[in-house]
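Just so it is clear, the values below take in all heavy atoms, side chains as well, and ignore hydrogens, waters and symmetry mates.
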Amino acid sequence: MVPMEEALAEARNAAARGEVPVGAVVVGPDNTILARAGNQVEACNDPTAHAEILSLRSAAARLGSPRLIGCDLYVTLEPCPMCAQAISLARIRRLIFGAYDPKSGGVEHGPRIFDAVSAHHKPEIIGGLRETEAATLLRDFFAAKR
């Protein structure tokens, strides 16, 4: 199991459905995949149906707890501020993301949610894992829309 490859597969599936190609995978403390999701904003008519939110919800339901202690989140794009706050609330141990998002990111860009005094928890952050592949998925998706 390679979690970022699984997240990229979710992103590719999202693109095939006409969704912005972002995928996320939650890995438990024992290194098993607890949840995976791709964006479903359009399909659900839900502005909060980001891959991160959907995978956090699914993992929390599976574990029976809103706190995902010891869990890691792999996501193909730097999380937006909404998702970053949810990651903080979920107490994710480690956030690993692919492409950076200078326009809408909330971790390394924009409001930098984890650095705010209101952040309940700051995960370890690793950015740029398979960045080129993740960024190419996004770039190709939006180029085709134009």
Side-chain angles (χ1 to χ4, degrees), residues 2-15 17-29 33-63 65-146:
V2 180
M4 187 54 86
E5 180 56 43
E6 298 289 331
L8 287 162
E10 289 293 334
R12 288 189 287 274
N13 291 340
R17 296 189 309 270
E19 301 278 356
V20 174
V22 177
V25 171
V26 176
V27 176
I33 292 179
L34 296 174
R36 66 185 82 217
N39 275 357
Q40 293 187 36
V41 171
E42 302 301 326
C44 295
N45 296 313
D46 179 355
T48 70
H50 291 196
E52 300 95 310
I53 299 292
L54 297 172
S55 62
L56 291 173
R57 286 177 183 161
S58 181
R62 184 167 174 185
L63 293 177
S65 172
R67 286 166 294 287
L68 304 176
I69 306 299
C71 294
D72 299 336
L73 176 66
Y74 289 78
V75 62
T76 58
L77 180 64
E78 175 184 348
C80 72
M82 173 187 69
C83 292
Q85 186 63 44
I87 291 163
S88 178
L89 292 170
R91 309 297 197 273
I92 287 292
R93 173 180 63 180
R94 186 178 301 121
L95 166 65
I96 304 99
F97 67 86
Y100 290 84
D101 190 352
K103 181 178 178 184
S104 300
V107 177
E108 300 289 335
H109 297 89
R112 300 177 187 257
I113 295 298
F114 301 126
D115 292 335
V117 296
S118 59
H120 288 78
H121 167 77
K122 180 176 183 174
E124 177 185 345
I125 300 165
I126 301 167
L129 181 64
R130 302 200 46 191
E131 177 180 8
T132 301
E133 189 174 352
T136 299
L137 275 172
L138 289 156
R139 195 170 25 261
D140 292 351
F141 176 82
F142 286 113
K145 292 279 187 194
R146 294 183 183 113

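Here the OG1 atom belonging to Thr136 is positioned 15.0 Å from the CZ atom belonging to Phe141, to the nearest 0.5 angstrom. We find the CG-OG distance between Leu34 and Ser58 to be 8.5 Å, quoted to the nearest 0.5 Å. Atoms CG and CG, from Asn39 and Leu54 in turn, are 7.5 Å apart once rounded to the nearest 0.5 Å. Between the CZ atom of Arg130 and the CD1 atom of Ile96 there is a distance of 13.5 Å, given to the nearest 0.5 Å. To the nearest 0.5 angstrom, His120 atom NE2 is 15.0 Å from Ile87 atom CD1. The structure places NZ of Lys103 at 13.5 Å from NE2 of His109, a figure rounded to the nearest 0.5 Å.
When all heavy atoms of Gln85 and Ile113 are compared, the pair lying nearest together is OE1-CG2, 3.4 Å. Glu19 approaches Val41 most closely through the heavy-atom pair OE1-N, 3.1 Å. Scanning all heavy atoms of the two residues, the minimum distance from Pro81 to Pro111 falls at CG-CG, 3.5 Å. For the residue pair Ala99 and Ala135, the shortest heavy atom distance occurs at CB-N, 3.9 Å. Nearest heavy-atom pair, Pro79 versus Val75, reported as atom, atom and distance to 0.1 Å: CG-CG1, 4.0 Å. Contact record, Ala35 with Ala59: CB-N, 3.6 Å, taken as the closest heavy-atom pair.
With contacts defined as side-chain heavy-atom distances shorter than 4.5 Å, the pair Arg112/Val107 does not qualify. Between Leu95 and Tyr74, the closest side-chain pair of non-hydrogen atoms is not below 4.5 Å. The side-chain heavy atoms of Cys83 and His50, taken from C-beta on, include a pair separated by under 4.5 Å. You'll find the side chain of Cys71 reaches within 4.5 Å of the side chain of Leu63, heavy atoms only. At least one side-chain heavy atom of Met4 sits under 4.5 Å from a side-chain heavy atom of Leu8. Residues Asp115 and Lys122 are in side-chain contact: their nearest non-hydrogen atoms beyond the backbone lie under 4.5 Å apart. The side-chain heavy atoms of Glu131 and Thr76, taken from C-beta on, include no pair separated by under 4.5 Å. Inter-residue side-chain proximity for Gln40 and Asp46 is flagged as unmet; no heavy-atom pair is nearer than 4.5 Å.
With sequence neighbours excluded, the residues forming a salt bridge (charged side-chain N to carboxylate O under 4.0 Å, His left out) with Arg93 are Asp72, listed by chain and number. Scanning for ring pair (Phe, Tyr, Trp, His ring centres under 6.0 Å) contacts around Tyr100 gives Phe97, with sequence neighbours left out.
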Quick one: do Met82 and Thr48 satisfy side-chain contact (heavy atoms from CB on, under 4.5 Å)? Show the steps, please.
CA-CA 8 Å; Met82 173 187 69; Thr48 70; 3.8 Å; yes
Would you sort out whether Ile53 and Arg57 count as a side-chain contact (heavy atoms from CB on, under 4.5 Å), showing the intermediate values?
CA-CA 6 Å; Ile53 299 292; Arg57 286 177 183 161; 3.4 Å; yes
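A salt bridge between Glu42 and Arg17 is absent, with no side-chain N of the basic residue lying under 4.0 Å from a carboxylate O of the acidic one. Glu5 has a carboxylate O that lies under 4.0 Å from a charged side-chain N of Arg12, or vice versa, which qualifies the two as a salt bridge.
The main-chain N or O of Glu108 is found under 3.5 Å from a side-chain atom of Glu78 such that the two form a donor-acceptor pair. Ser55 places no side-chain N or O within 3.5 Å of a backbone atom of Val25 that could act as its donor or acceptor partner.
Partner of Leu73 under the side-chain contact (heavy atoms from CB on, under 4.5 Å) criterion, out of Leu68, Val27, Ile92: Ile92 alone.
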